[in-house]
2 protein chains.
Amino acid sequence: MRDVSRLAGVSRMTVSRVLSDPELVLPTTRDKVFKAVADLGYVPDKTAGSLSSRRTGFIALMLPTLTNANFAAVAHGLTDALRGADYHLLIAYTDYDMAEEERQLRNLLARRPEAIVLTGAMHRRNASRMLMAADVPVVEIADLPSQPIEHAIGFSNYQVGRTAARYLLDRGFTRIGAIAASPEGEVTDHRGEERMRGFEEELRLARRSTDGVLRHGTAPVSFHHGAAAFRALVEQQPDIEAIFAVSDLSAVGAVMEAQRMNLRIPQDISIMGFGDFEIGREINPALTTIHVDFHALGLRTGKMLVDLLASDATPAPSTVDVGLRIVERASVRDR
Amino acid sequence: MRDVSRLAGVSRMTVSRVLSDPELVLPTTRDKVFKAVADLGYVPDKTAGSLSSRRTGFIALMLPTLTNANFAAVAHGLTDALRGADYHLLIAYTDYDMAEEERQLRNLLARRPEAIVLTGAMHRRNASRMLMAADVPVVEIADLPSQPIEHAIGFSNYQVGRTAARYLLDRGFTRIGAIAASPEGEVTDHRGEERMRGFEEELRLARRSTDGVLRHGTAPVSFHHGAAAFRALVEQQPDIEAIFAVSDLSAVGAVMEAQRMNLRIPQDISIMGFGDFEIGREINPALTTIHVDFHALGLRTGKMLVDLLASDATPAPSTVDVGLRIVERASVRDR
DNA sequence: CTGAAAGCGCTTACAG
DNA sequence: CTGAAAGCGCTTACAG
């Protein structure tokens, strides 16, 4: 910046002004500065700017993984909302590991983000404490927590499970099952487990057996996991009629495994998933699923953040349920 | 930090030392400081530290998208290599948009990353200039450029295309096609187009017709894109025997569309893809594809960076070809 | 082993 | 409309 100011023949203060709010400066001065900036290829140092202005322009985003299309959609939505607002996303992912969440959070905090966005509901005691002490807006997304730290935008995974079970019950099935990862593994898919809890609860309320609800293998779920869990379930419960998979990923794997086992979907077994992944629309039969608009969730979070950060007031904590929607396709029939 | 030093009864300098290299400080002093840090929940401000030490600890990573499992694998690999090395990835994605690449690069540069990693080969003039002027190591990944800016770790998409065509020719097919997005769209998939170029070249060298090489629809490719392109190609060239899709995503879409059209894979048409995505292993028939180890690519990049940043010397630019490998599964047969 | 001084490259808050 | 001074929260480079 010193070089720029020398070349333009103005003070460093004037360079700073031209770069942050050109309107404040006389056009002739302004142009000299722009020319010097261009000639030198000068890019201002935001680290110094952040320290000085006490505004880093960082928004921290912590997700379990980037490999999941729905979480990626959240990141895209957030980016879209933030575009033009001059915030930079600081992305971290935990690989579904709570200890890693804590470690990452500390790293993130050291960068002094102006807001923190993370998947909600499950945090270690220490992580929660750090979050509360952070003194910046915290938004928990995706999973709606029973006790939000501050703001929350998401949906209830428990309701996903109940909705799925209700849907299958309404189709007239009586022998209903579900597949998910075992919560005993090295990593736990808390969101999937919540869906299972809701699913089982709805079955119990309908006085149906939960014997077909199978926790199998380790998280995170995948196509392959779904295939293996499906086979295990069908071997255990040969007369099962309808299955809910906690993710479209495992549901698609289940459909593929069914083909290999010469089971017809949905004539022999109905299958539904969760998440409305693109692949579910393309397979044969197309997958019935539960849809949550993750991109919109990210967008909404971003917009809320922009408003929040623009105002001086500290608004009351808010919780927004973005809801969910059953997408009926061909993989579930009426009994 | 001032609060910590007061509480511990030492100078701020001592606090700084305890936090960066505890060995330098007497155990009794050290413990007082640790206690004060814990009591206050103090997290050092890296923005200030960066400015002062002239080391931000940021490594910039710019990718076309986060939604692609292979690019996500690169990011994971990089993270894995950097774990413990106390670097923080600053991730940006361009959505396959060259203008956005330039904009993002400027944002990234303002954060003073200590190294820049980005997908190679295609950059705007301005972006290239900024990269050369950046005065930090630049690593181009995935796509091996003909004229690397500095370091490069990746593979040749042109070779992918040639390898695919060679493989199908060796199986004895004569009526061979390919599907990709049209480069005329709003965004261009340069990598896919390179694969197509290599594919066409190999066909030409074998004196085969390239009439079955179809560019259809807009990038980025997807399951749905593959389904549509496959249908279009088969309608144009009903006697096509074997097809290369520039991505497993479109290849899987093609297999699904074939099922809907009652075409048997591979008895009626053979299909192969690129990228070895998980879904390709699960579908029926399993997909023959070309595999590149993207996680290893990310790992290798990260390790190279750690070495590079640890040494004072400026090593000569290096180019590493990680190669590729055909994975034979059931979707291609011998003619 | 510990601390006082200077400074990183900006912006804030004044002053003129 | 422009500039000189002070300071953001750390680390570097000395000194003792």
Side-chain angles (χ1 to χ4, degrees), chain A residues 1-34 36-37 40-58 86 88 106-114 134-136 312, chain B residues 1-34 36-37 40-58 86 88 106-114 134-136 312:
Chain A
M1 176 149 138
R2 161 154 278 142
D3 296 341
V4 175
S5 76
R6 261 202 286 260
L7 185 58
V10 298
S11 73
R12 288 180 292 156
M13 195 50 243
T14 299
V15 175
S16 171
R17 255 190 290 256
V18 169
L19 263 18
S20 63
D21 190 354
E23 296 304 304
L24 260 41
V25 178
L26 225 52
T28 56
T29 319
R30 192 193 302 163
D31 291 344
K32 277 190 293 188
V33 172
F34 278 137
V37 166
L40 295 171
Y42 169 71
V43 178
D45 183 336
K46 283 224 185 198
T47 299
S50 299
L51 181 61
S52 180
S53 67
R54 315 187 55 56
R55 295 201 45 225
T56 59
F58 280 133
D86 207 33
H88 205 129
R106 185 176 305 276
N107 283 341
L108 251 16
L109 252 19
R111 300 292 183 176
R112 297 295 188 265
E114 296 181 44
D135 198 34
V136 294
D312 313 309
Chain B
M1 177 149 138
R2 160 152 279 139
D3 296 342
V4 174
S5 76
R6 260 201 288 258
L7 185 58
V10 299
S11 73
R12 288 179 292 156
M13 196 49 243
T14 300
V15 175
S16 171
R17 256 190 290 256
V18 170
L19 263 18
S20 63
D21 190 355
E23 296 304 304
L24 260 40
V25 177
L26 224 53
T28 56
T29 319
R30 192 193 302 164
D31 292 344
K32 276 190 292 185
V33 172
F34 279 137
V37 166
L40 295 171
Y42 169 71
V43 178
D45 183 336
K46 283 226 184 197
T47 299
S50 301
L51 183 60
S52 180
S53 67
R54 314 186 58 54
R55 292 202 45 224
T56 58
F58 280 132
D86 207 34
H88 204 130
R106 184 176 304 276
N107 283 341
L108 251 16
L109 252 19
R111 301 292 183 177
R112 297 296 187 267
E114 296 181 43
D135 198 34
V136 294
D312 312 310

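All chains are named by letter (A, B, ...) in the order of the sequence lines, taking the proteins before the strands, and each is independently numbered beginning at 1. Only a predicted model underlies this, so the values are computations on that prediction, with no experimental measurement involved.
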Met1(A) side chain near Pro44(A) side chain, heavy-atom distance below 4.5 Å
no
Side chains of Arg111(A) and Phe58(B): does their closest heavy-atom pair fall under 4.5 Å?
-> yes
Taking only side-chain nitrogens and oxygens of [X], does any of them come within less than 4.0 Å of OP1 or OP2 of [N]?
X	N	answer
Ser52(B)	dT12(D)	no
Thr14(B)	dG3(C)	yes
Tyr42(A)	dG9(C)	no

Once you round it to whole Å, what is the distance between [atom2] of [N] and [atom1] of [X]?
X	N	atom1	atom2	answer
Asp21(A)	dT12(C)	CG	C1'	14 Å
Arg55(B)	dT11(D)	CZ	P	12 Å
Met1(B)	dC10(D)	CE	C1'	6 Å
Met13(A)	dG16(C)	CE	P	17 Å
Asp3(A)	dG9(C)	CG	C1'	12 Å
Leu24(B)	dT2(C)	CG	P	9 Å
Lys46(B)	dC8(C)	NZ	C1'	17 Å
Asp45(B)	dT11(D)	CG	C1'	13 Å

| Distance-only, no hydrogens or angles: does the Ser52(A) side chain make a donor-acceptor pair with backbone N or O of Gly49(A) under 3.5 Å? |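 No, Ser52(A) side chain to Gly49(A) backbone: no donor-acceptor pair under 3.5 Å.
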If we ignore hydrogens and angles and just use 3.5 Å, is the side chain of Glu114(A) paired with the main-chain N or O of Val136(A) as donor and acceptor?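 Between the backbone of Val136(A) and the side chain of Glu114(A) there is no qualifying donor-acceptor contact (under 3.5 Å).
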To the nearest 0.5 angstrom, please state how far the OG atom of Ser50(B) sits from the NE2 atom of His88(B).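 That separation rounds to 11.5 Å.
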Between the CZ atom in Arg112(A) and the CG atom in Asp135(A), the distance rounded to the nearest 0.5 Å is 10.5 Å
Among dT2(C), dT12(D), dG9(D), the one nearest any side-chain atom of Ala48(B) is dG9(D)
From the candidates dT2(D), dT2(C), dT11(D), the one with an atom nearest any side-chain atom of Thr29(A) is dT2(D)
Legend entry - From Val15(B), Thr14(B), Val33(B), residue fulfilling side chain to side chain contact (heavy atoms under 4.5 Å, CB included) relative to Ser5(B):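 Exactly one option meets the side chain to side chain contact (heavy atoms under 4.5 Å, CB included) with Ser5(B), and it is Val15(B).
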Base-paired stretches in DNA chain C with three or more consecutive Watson-Crick or G-U pairs, both distances under 3.5 Å, amount to C:1-3 with D:14-16, C:5-12 with D:5-12, C:14-16 with D:1-3
Closest to the 5' end of DNA chain C, once Arg54(B) and Ser16(A) are matched to their nearest nucleotides, is Arg54(B)
With a 4.0 Å cut-off on heavy atoms, is Ser20(A) in touch with a base, just the backbone sugar-phosphate, or nothing at all? nothing
| said: Once you apply a heavy-atom cut-off of 4.0 Å, does Thr47(A) come out as touching a base, just sugar-phosphate, or nothing? | reply: nothing
**Earlier contact from the 5' end, DNA chain D, for Arg17(B) and Leu51(B)** =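 Counting from the 5' end, the first nearest nucleotide belongs to Leu51(B).
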